[in-house]
Amino acid sequence: MTACQGTAMSNPASPIAPQADDEARKHDFARIEAKWQRFWVENKTFATHIDHNKPKTYVLDMFPYPSGAGLHVGHPEGYTATDIYCRFLRMRGHNVLHPMGWDAFGLPAEQYAIQTGTHPAVTTQKNIATFRRQIQALGFSYDWDREVDTTDPTYYKWTQWIFLQLFKKGLAYQAEIPVNWCPALGTVLANEEVQDGKSERGGHPVVRMPMRQWMLKITAYAEELLSGVDTLDWPEGIKAMQRNWIGRSEGAEVDFAVEGELGTLRVFTTRPDTLYGATYMVIAPEHALLDRLVTPDRHAQVDAYVEAARRKSERDRQDAGKEKTGVFTGRYAVNPVNSAKIPIWVADYVLGGYGTGAIMAVPAHDERDFAFAKAFDLPIIPVLSPDGEPFAAELTEPFTDDGLALNSGPYSGMTTQEFKRRITAELADRGIGERRVNYKLRDWVFSRQRYWGEPIPIYYPIVSVLDGTPLSESGLSPSQVADMVHTDSWRVMYGTPLPVHESELPLKLPVTDDFQPTGNSEPPLSKCHDWLYFERDGRWFARETNTMPQWAGSCWYYLRYLDPHNDQTLASPEAVKHWLPVDLYVGGAEHAVLHLLYSRFWHKVLFDLGVVPTNEPFQRLVNQGMILGEDGEKMSKSRGNVVNPDDMLREFGADAFRLYEMFMGPLEATKPWATNGLYGTRRFLSRLWALYDKPLAATAPDDKIRRALHKTIAKVGDDTANLRFNTAIAAMMGLLNDCTKLDVLPIEVAENFAVILAPYAPHIAEELWEKLGHEPSIGLVPWPSYDPALCVDDTIEIPVQVNGKLRGRLVVPADTPQDVLQNMALADSNVQKFTEGKRIAKVIVVPGKMVSVVVVG
RNA sequence: GCCGGAGUGGCGGAAUGGUAGACGCGGCGGACUCAAAAUCCGUUGACUUUGCGGUCGUGUGGGUUCAAGUCCCACCUCCGGCACCA
């Protein structure tokens, strides 16, 4: 065992030497951290291989979008947590998979390209390099051999492959969907980019325009996605959000006959028990039957209303608030249960895309119908009350609870539940209704009119407009084909999508320097004629020019990590079988719904295809809380409260930074940044460093410090296993405070302290380990065990309460029996002050805990 | 409005129903220094007492209990998400 070199007190004291010596003995984090980071990379200390002799644990971070701004302090919060956890599990003998990669397709790189002409691939690689450098500077134990990049063709080959499987299963289809088209910008905008019907940037008008889009039929998995939520070890809030997003609701569809031989209008309702109270009907402005329903005298009004509704963006239609608008169509329908004649209105509070796009309105028992009926003076007829008795006065608000029916013919007096069951059955018998389950969840619009995304591996025949014959002229150039398609005699047969053969994947994104919007509604790829048009077997075809959304690459990246270099399959069966599911997934709550839902959807499809062995991808999910600025506000450039990790690392070092990020509070909590706190963790490390300058003692530590050590090992192990990093660090600070008082440092303490610190502050731990004469890496040392007997004190302090108030403390051996405690408590002079002259009604003694005396009088 | 989470010193936070405020930041006092920084030692919930001690104290109001930050009921505030889904 090498003694610490720090025993330099004996140095002959030249006036300068002691100072220089002090300097040399300081914790030089910059040198130490660089040294060990290099060591880990060069020795591939954290490269992971399948090892069936150890329990496997797959710990996943949400991989970042490598933005130009670089890392902010929020990123390393989750990454530090998982790193500590992984290092800890390795020391506990687990086979740990812990990878990192880049979610690198996306809008910012493309916008930057439009502004500067720099190709998105260049920007992306530069940003990735920055992120990688920053992440590595934090000393994380990722297996860098498994790094993935969603923009790498060897990666998106498999994103495309998954799309083809979806297509072949009928889960990918095309539809005309209204999008936000901004003619001035010549581009399609996301809902977030539109405000008050104007583009967020520039304030140009935006119109809703139907456009051909690729859709994924996530609704086919609605039920499975919903029921699967129950099996997940996720925060309740996130699970609730997923359930809410899927939005299952049970009810019935009912046909209403429309007057004038116009057939029937079908509605969806969750309250068929209120059918007798339907006093009017409403259909959505986009309803297919609307045109036929409107009576001639009403056409002008209805058309104007529909036109106005169409112009509003989805968001505006919602932002308009609860102010109800609508127009009578002039037409009536017949209530199937009581033959009442009720008017049909058109109103935009009914959504075209949900249920049947039409409702029966029961104003007495529905908030929205009530507001509408009040606004347009329509009748409100109660058909339900808490006790089945009519309401004494006119309703001032709708009664929406369950209760007993009234005014409902043979059903009067029936409970809501019973009524629903019976009427649904009866409607079904009469052939005018059926039980029905609806979901709020919509199919996923999967195409983007952008350049920087995965090409969708689909192509289409080019045919003659006149007679549909395929374009099979040989000797044409792609540009000539483009010209022909742009005339009106040839067209791309979008109705006949053909999948690119799997052997031709990846379908690479063409290299171009023209990412400018086309100015029409065509995506930028439509300008890459050489890529777009190709001849095969004498016929000409056009490729799909839409690209995939950013979600695509992040939907399945956790699978590619398992076997990132496999060019035969997205990951080998052996790898997926060994590693899945992800045991712990850590990331921000901003992905609570979309990313996690889309990922679960793809995973379930892959499960059905037999590609993965589990039906859920992420068994346990933890959301790290947001880190706010020092002012308690969300960090943002405009507020000027952004903290740059590079600055922090330079001044405090990675170990102090990691400790601080974890010491701030519970991982899940939102908490404000305080750079001052970093002085605390840096001071902790300097004092720790100085501790190892004390003379080392091979003798056993004294009882007190020994107990402190064992308690700390127990506490840090337990807390780390449960992701309670803040209290684990506090415990280590406590141990250091105890050790500081020592004159010599027992080796048992020196070694174990370094080992339990290693997951948290790995650089200094490695250095101390080496100083103690051991071979690196400390990360490979088994987690120390502790003696439970040493974790309880033999002398304890017992509080004594009189009538619930603390009146004394007894310092006694831990095993002091009950009766002795009681006698001591009652004999305590301060306790006696409060029992004197009173009757002792009861004495409760909890051995090892406390004594509670109850007095009366 | 609905769903989820949280309210504890000057600040971040800690507490299997059993001594509230661990640990850290900041403050105060002291040591070292010509001085300052750094470092080290002590102290630090409020009020009160020379001291021992006492009173109050975990968003508010009730309740259960020998004992409540913790459990129950009602409410208030803040944060996050959803929001005309019939």
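Proteins get letters first, then strands, A, B, ... in listed order; numbering begins at 1 in each.
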Q: Give the nucleotide from the list rC41(B), rG18(B), rG24(B) with an atom nearest to the side chain of T740(A).
A: rC41(B)
Q: When the ring planes of Y276(A) and F419(A) are compared, do they come out parallel, tilted or perpendicular, using 30° and 60° as the limits?
A: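 Y276(A) and F419(A): tilted rings.
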Q: Please answer whether the main-chain N or O of R639(A) pairs with a side-chain N or O of S636(A) as donor and acceptor at a distance below 3.5 Å.
A: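 Present.
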Q: Would you indicate whether the side-chain heavy atoms of W689(A) and D28(A) approach each other to under 4.5 Å?
A: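 The answer is no, as the side chains (C-beta and beyond) never meet within the 4.5 Å cut-off.
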Q: Taking NZ, NE, NH1 and NH2 as the nitrogens, is one of them in D793(A) or K711(A) under 4.0 Å from a carboxylate oxygen of the other?
A: yes
Q: For T670(A) and for F663(A), locate the closest nucleotide of RNA chain B by heavy-atom distance; then report the residue assigned to the nucleotide nearer the 5' terminus.
A: T670(A)
Q: Using a 3.5 Å distance criterion without hydrogens, assess whether the side chain of N722(A) forms a donor-acceptor pair with backbone atoms of D718(A).
A: yes
Q: Relative to the 5' end of RNA chain B, which residue comes earlier, W245(A) or K741(A), by the nucleotide with the nearest heavy atom?
A: K741(A)
Q: To check you understand the geometry: which heavy-atom pair defines the closest contact between D738(A) and A708(A), and what is its length?
A: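 Looks like OD2-CB, 3.6 Å.
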Q: Report the distance from atom NZ of K711(A) to atom P of rC23(B), rounded to the nearest whole Å.
A: 13 Å
Q: Given the C1' atoms of rA22(B) and rG13(B), what is the spacing between them in whole Å?
A: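 Between the two C1' atoms, the distance is 10 Å.
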Q: Can D230(A) and R243(A) be said to form a salt bridge (charged side-chain N to carboxylate O under 4.0 Å, His left out), step by step?
A: CA-CA 10 Å; D230(A) 296 334; R243(A) 290 193 190 102; 2.9 Å; yes
Q: Which part of the nucleic acid, if any, lies within reach of K842(A) when heavy atoms closer than 4.0 Å are counted: base, sugar-phosphate only, or nothing?
A: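 Here K842(A) touches the backbone only, sparing every base.
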Q: Can you check whether R600(A) reaches L232(A) side chain to side chain, under 4.5 Å on heavy atoms?
A: yes
Q: Could you point out which residue of V282(A), T329(A), L290(A), L289(A) forms a side-chain contact (heavy atoms from CB on, under 4.5 Å) with I344(A)?
A: T329(A)
Q: Check whether any side-chain N or O of K671(A) sits under 4.0 Å from OP1 or OP2 of rG12(B), and answer yes or no.
A: no
Q: Determine if the base of rG54(B) is syn or anti; take syn to mean the glycosidic torsion is within 90° of 0.
A: anti
Q: Which value, in whole Å, describes the distance between the C1' atoms of nucleotides rG9(B) and rG5(B)?
A: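 One C1' to the other, the span is 24 Å.
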Q: Toss me the dot-bracket line for RNA chain B: Watson-Crick and G-U wobble, both under 3.5 Å, 5' to 3', using | for pairs to another strand and [ ] for crossers.
A: (((((((..(((.....[....)))((((((.......))))))((((....))))..(((((..]....))))))))))))....
Q: Side chain of V846(A) only, please: which of rC66(B), rA86(B), rG18(B) is the nearest?
A: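 Among rC66(B), rA86(B), rG18(B), the one nearest the side chain of V846(A) is rG18(B).
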Q: Closest heavy-atom contact between A284(A) and V350(A)?
A: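 Scanning both residues, the minimum pair turns out to be CB-O, 3.3 Å.
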Q: Report the nucleotide, chosen from rG13(B), rC84(B), rG24(B), that has the shortest atom-to-atom distance to any side-chain atom of D348(A).
A: rC84(B)
Q: To the nearest Å, how far apart are M626(A) CE and rG80(B) P?
A: 6 Å
Q: Anything under 3.5 Å between a protein N or O and an N or O of nucleotides 59-64 of chain B, put it in a table, one pair a line.
A:
none

Q: Which nucleotide sits closest to the side chain of Q801(A): rA86(B), rG18(B), rC82(B)?
A: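 The answer is rG18(B), which lies nearest to the side chain.
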Q: Check the phosphate of rA14(B) against N726(A), side-chain N and O only, distance under 4.0 Å to OP1 or OP2. Yes or no?
A: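 Yes, because at least one side-chain N or O of N726(A) sits under 4.0 Å from OP1 or OP2 of rA14(B).
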Q: Relative to the ring of H591(A), is the ring of H595(A) parallel (under 30°), tilted (30 to 60°) or perpendicular (over 60°)?
A: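 Taking H591(A) first and then H595(A), their aromatic rings stand perpendicular (interplane angle over 60°).
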Q: Between the protein and nucleotides 3-10 of chain B, are there any N/O to N/O pairs under 3.5 Å, and if so, what are the atom names and distances?
A:
none

Q: Using only side-chain N and O atoms of R724(A), determine if any of them is under 4.0 Å from OP1 or OP2 of rA14(B).
A: no
Q: Strictly below 4.0 Å: does Y349(A) bring a side-chain N or O up to OP1 or OP2 of rA86(B)?
A: no
Q: Starting at atom CE of M850(A), determine the distance to atom P of rG17(B), rounded to an integer number of angstrom.
A: 15 Å
Q: S249(A) near the nucleic acid: base, sugar-phosphate alone, or nothing, with a heavy-atom cut-off under 4.0 Å?
A: sugar-phosphate
Q: Which heavy atom of H365(A) sits nearest a heavy atom of V383(A), and at what distance?
A: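 That would be NE2-N, 2.9 Å.
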Q: Can a side chain N or O of R683(A) be found less than 4.0 Å away from OP1 or OP2 on rC25(B)?
A: yes
Q: Name the pairs: protein N/O against N/O of nucleotides 27-31 of chain B, kept only if under 3.5 Å.
A:
none

Q: Report yes or no: is the cationic atom of K324(A) (NZ for Lys, CZ for Arg) closer than 6.0 Å to the six-membered ring centre of F372(A), at no more than 45° off its axis?
A: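 No; the conditions do not both hold, so K324(A) does not lie above the ring face of F372(A).
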Q: Looking for any heavy atom pair under 4.0 Å, which part of the strands does P235(A) touch: base, sugar-phosphate only, or nothing?
A: nothing
Q: Please report the distance, rounded to the nearest Å, between CH2 in W234(A) and C1' in rG80(B).
A: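 Distance check: W234(A) CH2 to rG80(B) C1' gives 17 Å.
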Q: Could you give the CG-to-P distance, from L821(A) to rC66(B), as a whole number of Å?
A: 20 Å
Q: For nucleotides 46-57 of chain B, read 5' to 3', which letter fits each nucleotide if B means a protein heavy atom sits under 4.0 Å from the base, S means only the sugar-phosphate is that close, and - means neither?
A: -------SSSS-
Q: Roughly, in whole Å, what's the span from CG in D719(A) to P in rU16(B)?
A: 11 Å
Q: Tell me what D369(A) touches on the nucleic acid: a base, only sugar-phosphate, or nothing, going by heavy atoms under 4.0 Å.
A: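 Since no nucleic acid heavy atom lies under 4.0 Å of D369(A), the category is nothing.
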Q: Are the side chain of N830(A) and the backbone of R807(A) linked by a donor-acceptor contact shorter than 3.5 Å?
A: yes
Q: Indicate every side-chain donor-acceptor pair of residues 658-672 of chain A with a distance under 3.5 Å to a residue at least two apart or in another chain.
A:
{"unit_1": "R658(A)", "atom_1": "NE", "unit_2": "Y760(A)", "atom_2": "O", "d": "2.9"}
{"unit_1": "R658(A)", "atom_1": "NH1", "unit_2": "D83(A)", "atom_2": "OD2", "d": "2.8"}
{"unit_1": "R658(A)", "atom_1": "NH1", "unit_2": "L138(A)", "atom_2": "O", "d": "3.1"}
{"unit_1": "R658(A)", "atom_1": "NH1", "unit_2": "G139(A)", "atom_2": "O", "d": "3.3"}
{"unit_1": "R658(A)", "atom_1": "NH2", "unit_2": "D83(A)", "atom_2": "OD2", "d": "2.7"}
{"unit_1": "R658(A)", "atom_1": "NH2", "unit_2": "P759(A)", "atom_2": "O", "d": "2.9"}
{"unit_1": "Y660(A)", "atom_1": "OH", "unit_2": "A674(A)", "atom_2": "N", "d": "3.0"}
{"unit_1": "Y660(A)", "atom_1": "OH", "unit_2": "A674(A)", "atom_2": "O", "d": "3.2"}
{"unit_1": "E661(A)", "atom_1": "OE1", "unit_2": "E77(A)", "atom_2": "N", "d": "3.1"}
{"unit_1": "K671(A)", "atom_1": "NZ", "unit_2": "E77(A)", "atom_2": "OE2", "d": "2.6"}
{"unit_1": "K671(A)", "atom_1": "NZ", "unit_2": "P666(A)", "atom_2": "O", "d": "2.9"}
{"unit_1": "K671(A)", "atom_1": "NZ", "unit_2": "L667(A)", "atom_2": "O", "d": "3.3"}
{"unit_1": "K671(A)", "atom_1": "NZ", "unit_2": "A669(A)", "atom_2": "O", "d": "2.7"}

Q: Fit a plane to each ring of W551(A) and Y598(A), take the angle between them on a 0 to 90° scale, and name the class: parallel (under 30°), tilted (30 to 60°) or perpendicular (over 60°).
A: perpendicular
Q: What integer distance in Å separates F684(A):CZ from rC25(B):P?
A: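 To the nearest whole Å, that distance equals 12 Å.
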Q: Please determine, for the side chain of K324(A), which listed nucleotide (rC84(B), rG24(B), rA86(B)) has the closest atom?
A: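 Output: rC84(B).
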Q: Heavy atoms only, 4.0 Å cut-off, all strands: where does E668(A) land among base, sugar-phosphate and nothing?
A: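 No contact.
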Q: For Y354(A) and F268(A), take the angle between the two ring planes, folded into 0 to 90°, and tell me which bin it lands in: parallel under 30, tilted 30 to 60, perpendicular over 60.
A: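 Plane angle over 60°, so perpendicular.
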Q: Between rG81(B) atom P and N623(A) atom CG, what is the distance in whole Å?
A: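 Computing the N623(A):CG to rG81(B):P distance gives 12 Å.
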Q: Touch check for R243(A), heavy atoms < 4.0 angstrom, all strands: base, sugar-phosphate only, or nothing?
A: nothing
Q: Salt-bridge test for R809(A) and D828(A): reply yes if a basic N is under 4.0 Å from a carboxylate O, no otherwise.
A: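 No, no charged N to carboxylate O under 4.0 Å.
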Q: Between E434(A) and R436(A), is the closest basic N to carboxylate O distance under 4.0 Å?
A: no
